[in-house]
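See structure below.
Scope of the values below: all heavy atoms of this structure, side chains included, with no hydrogens, waters or symmetry mates. Convention: sequence-line order gives letters A, B, ...; per-chain numbering from 1. Computed from a predicted structure; not experimentally measured.
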There are 2 protein chains.
Amino acid sequence: MLLTQAEENYLKAIFKINEKTNKPASTNAIAKHVSTSAASVTDMLQKLSGKSLIHYEKYKGASLSESGNKTATQLIRKHRLWEVFLFDKLKFPWEEVHDIAEELEHIRSDHLINRLDNFLGNPRFDPHGDPIPNAEGKFMLRNQSTLESLPIGQKCMLVGVTEHSVPFLQHLNGLKIKLGTQIKILEKQSFDRSMIVELDTKTQVTLSHSVVPNLLVKLI
Amino acid sequence: MLLTQAEENYLKAIFKINEKTNKPASTNAIAKHVSTSAASVTDMLQKLSGKSLIHYEKYKGASLSESGNKTATQLIRKHRLWEVFLFDKLKFPWEEVHDIAEELEHIRSDHLINRLDNFLGNPRFDPHGDPIPNAEGKFMLRNQSTLESLPIGQKCMLVGVTEHSVPFLQHLNGLKIKLGTQIKILEKQSFDRSMIVELDTKTQVTLSHSVVPNLLVKLI
DNA sequence: AAATAATTTTAGACTTGGCTAAAAATAACA
DNA sequence: TGTTATTTTTAGCCAAGTCTAAAATTATTT
C-alpha cells in the first residue's frame, strides 16, 4: 500500500510509544510525537484504522496491526541505514544525522535501501547504537546494561545512548565520549547520583544524573 | 524561502523548457512536464509569480526570475549529484537513477549536498553526461558534438545522451555502448539516416536514426 | 459518589494542489 | 479578414492534513 509521509510519521510515532509503554498509544502522546493537535491525531487514527494499519478504539488509544508494524519497522530500517551513511560516509557528527535521516527515510525504493545496506557493509547498529532491523524486520539484540546499574570498579564500553537530543550528544562530544569509549566506574555519589569515571584516555570525568541513565554499555 | 515539492517541480520544468526553447514556457508545455492539467498550471504560475520566482504574464507563458533560476539550478545540482551517488556508489544501472534522484533532490540540506559532492569527488557530469552545476550554480561547459554531425572516418567518444528514457538507455546497454565508449564512423546510410560504426571492442553495430541524434560525443 | 479536571472526539473552517467544465484570449486558416 | 481551432484562464469543486472551539467521555479528587 502506498502511504503519505504524514501517515508514515504517525505509524512510526505509534510504534515508538507502543515500544516504550507496552500499551496502546494515547492521542495526546501521538500528538506530542508528531507535533500536532489532538484533533488532528484523532482524524488520522480513523484514517489509519480504515486502512487496517492500526487497531483503534475510540478513547482507548492505538496500536499497530501486523501490516502497520511491518511498515513502521521498514521505516526505522531506512532511517537508521541513512544515519549510518551520513555518519560513516559523509562524516556528519552524530547529533546532526537524525533530522536529515527523518527526510531520507521517506524515499520509496526497496531496491535503493537494500543496495545502501550492502554499500554500508550491512551495519547492525546506527550511530547512536540503536539496532537496525534487517530486510525481514528482525532486530538484532545485544547484551547491554545501563551505566547506572553497574557497581564501582566495573569496566565497560559505551554501545548506545537512549537520549538523542542535540544538546545531550554535544555534551558527550565535549566529554570526549563516543560509541566505543571505554569507561571504568570510580565513584558513585549517592547525594546527587552523579558518577566519577575514568575513560580509556585515562582522563577522569564526572557524569551527572542527567547523563548516566542515558548511557548503554557492554561489560568488559 | 521554503518551497513545497510541487513548487520545486514546476520551477524545474520551467527551467528545462526555457533552456530548450529559449522562450517563456507555455502553460501546456509545463502541464506535460509535470503531468497535470493546464488549469492547475495556471494556478501554480500565479502562486509562483506572487512569490517572485517567475515572470508571468497572462497568456504569455512563464520564465524564471533570478531567484527562481537559482532555486532550479540548485535542484538540478542535487538531482545530478544523487544520480552520481546511485550510479557510482550503489551501482545502479544508468536507466534507473533518474526516478530515485527525482525524490532525493527534494531533501533540504545544503550541508548534506556539499558533503555529498565532496564524498563523490566533486564530479562534473552525471551518469548521462549532463553537467553538474557547482555550489555557485555555474555549469561546466564541454566541447561536444552530436554524433550525427560527424563525417565518415571520424573517431570519437561518447560523453552524453540527450534522451533519458529507460528503453533508449537499455537499447544502448544491449549495444554495449556506455559513456566513454569509443566510436569510429564507418558508413552513413542516406536512405534511412542510419549509421554503421565500430566500437572500441572492435565490434560493428548499426545505429538507427532514433539513436544517432541522441548521442553526444567528443572528437578524438 | 459527585464534582472537577483532563483527555479525546466532533464540528466547522482553512490551505495546498489537484480536477472538470465553461468562458476568454490567441493562433491558424480559408 | 472573418471564422474556426487551440490555448489559457476562470469558476467551482474535491481530498489531505491541519487548525480552533465546543461537546463528549474518561480519570481524579474530595
inquiry  = Quiz question: by atom type and distance under 3.5 Å, do the side chains of A:H128 and A:H98 form a donor-acceptor pair?
reply    = no
inquiry  = Below the 4.0 Å mark, does D:dA16 have OP1 or OP2 next to a side-chain nitrogen or oxygen of A:Y10?
reply    = no
ask   = Can you check the B:L45 CG to D:dT7 C1' distance for me, whole Å?
value = 13 Å
Nucleotide nearest A:T27 when distance is taken to its side chain, options C:dC19, D:dT9, C:dT8 = C:dT8
request  = Specify the separation, in whole Å, of atom CG of B:L48 and atom P of C:dT16.
outcome  = 12 Å
task = Give a yes/no answer on whether the side chain of A:N28 brings an N or O atom under 4.0 Å of OP1 or OP2 in C:dT8.
result = yes
Expected rows: protein N/O vs nucleotides 21-27 of chain C N/O, under 3.5 Å:
residue, atom, partner, partner atom, Å
C:dA25, O4', B:Y59, OH, 3.3

note = Judged by nearest nucleotide, the residue sitting upstream toward the 5' end of DNA chain D, A:D43 or B:G61, is B:G61
note = The side-chain hydrogen bond (donor to acceptor under 3.5 Å, both in side chains) partners of B:S194 (sequence neighbours excluded) come to B:D192
key: Pairwise side-chain contact, B:N114 with B:H111, heavy-atom cut-off 4.5 Å (strictly under)   = no
note = Numerically ordered, the residues 98-105 of chain B set in heavy-atom contact under 4.0 Å with DNA chain C is none
Under-4.0 Å side-chain N/O to phosphate OP1/OP2 contact, A:S37 with D:dC19 = yes
task = Please check if any side-chain donor atom of A:S149 sits under 3.5 Å from a side-chain acceptor atom of A:T146, or the reverse.
result = no
note = note: A:M44, atom CE; C:dT8, atom P; distance rounded to Å ~ 17 Å
message = Hydrogens and angles aside, do B:H164 and B:D130 bring a side-chain donor and acceptor to less than 3.5 Å of each other?
response = yes
message = Need one value for A:S40: base, sugar-phosphate or nothing, where a base atom within 4.0 Å counts as base even if backbone is also close, heavy atoms only.
response = base
query = Just checking B:Q46: base, sugar-phosphate only, or nothing, at a heavy-atom cut-off of under 4.0 Å?
reply = sugar-phosphate
task = In plain terms, say whether B:R108 and B:E8 are close enough for a salt bridge, that is, a side-chain N and a carboxylate O under 4.0 Å apart.
result = yes
task = Pick base, sugar-phosphate or nothing for B:A6, based on heavy-atom distances below 4.0 Å to the nucleic acid.
result = sugar-phosphate
ask   = Using a cut-off of 4.0 Å on non-hydrogen atoms, how would the nucleic acid contact of A:T42 be classed: base, sugar-phosphate, or nothing?
value = base
ask   = Under the ring pair (Phe, Tyr, Trp, His ring centres under 6.0 Å) test, which residues partner B:H209, sequence neighbours left out?
value = none
request  = Round to a whole Å and report the spacing from CD of A:E7 to P of D:dA15.
outcome  = 15 Å
ask   = Can you name the side-chain hydrogen bond (donor to acceptor under 3.5 Å, both in side chains) partners of A:E163, sequence neighbours left out?
value = A:S165
key: Spacing between A:L2 atom CG and D:dA15 atom C1', to the nearest angstrom   = 16 Å
key: Rounded interatomic separation in angstrom, taking CD from A:E57 and C1' from D:dT25   = 13 Å
ask   = Is the shortest distance from a Lys or Arg side-chain nitrogen in A:E148 or A:K188 to a carboxylate oxygen in the other one below 4.0 Å?
value = no
Test ring pair (Phe, Tyr, Trp, His ring centres under 6.0 Å) applied to A:H55 - qualifying residues, sequence neighbours left out = none
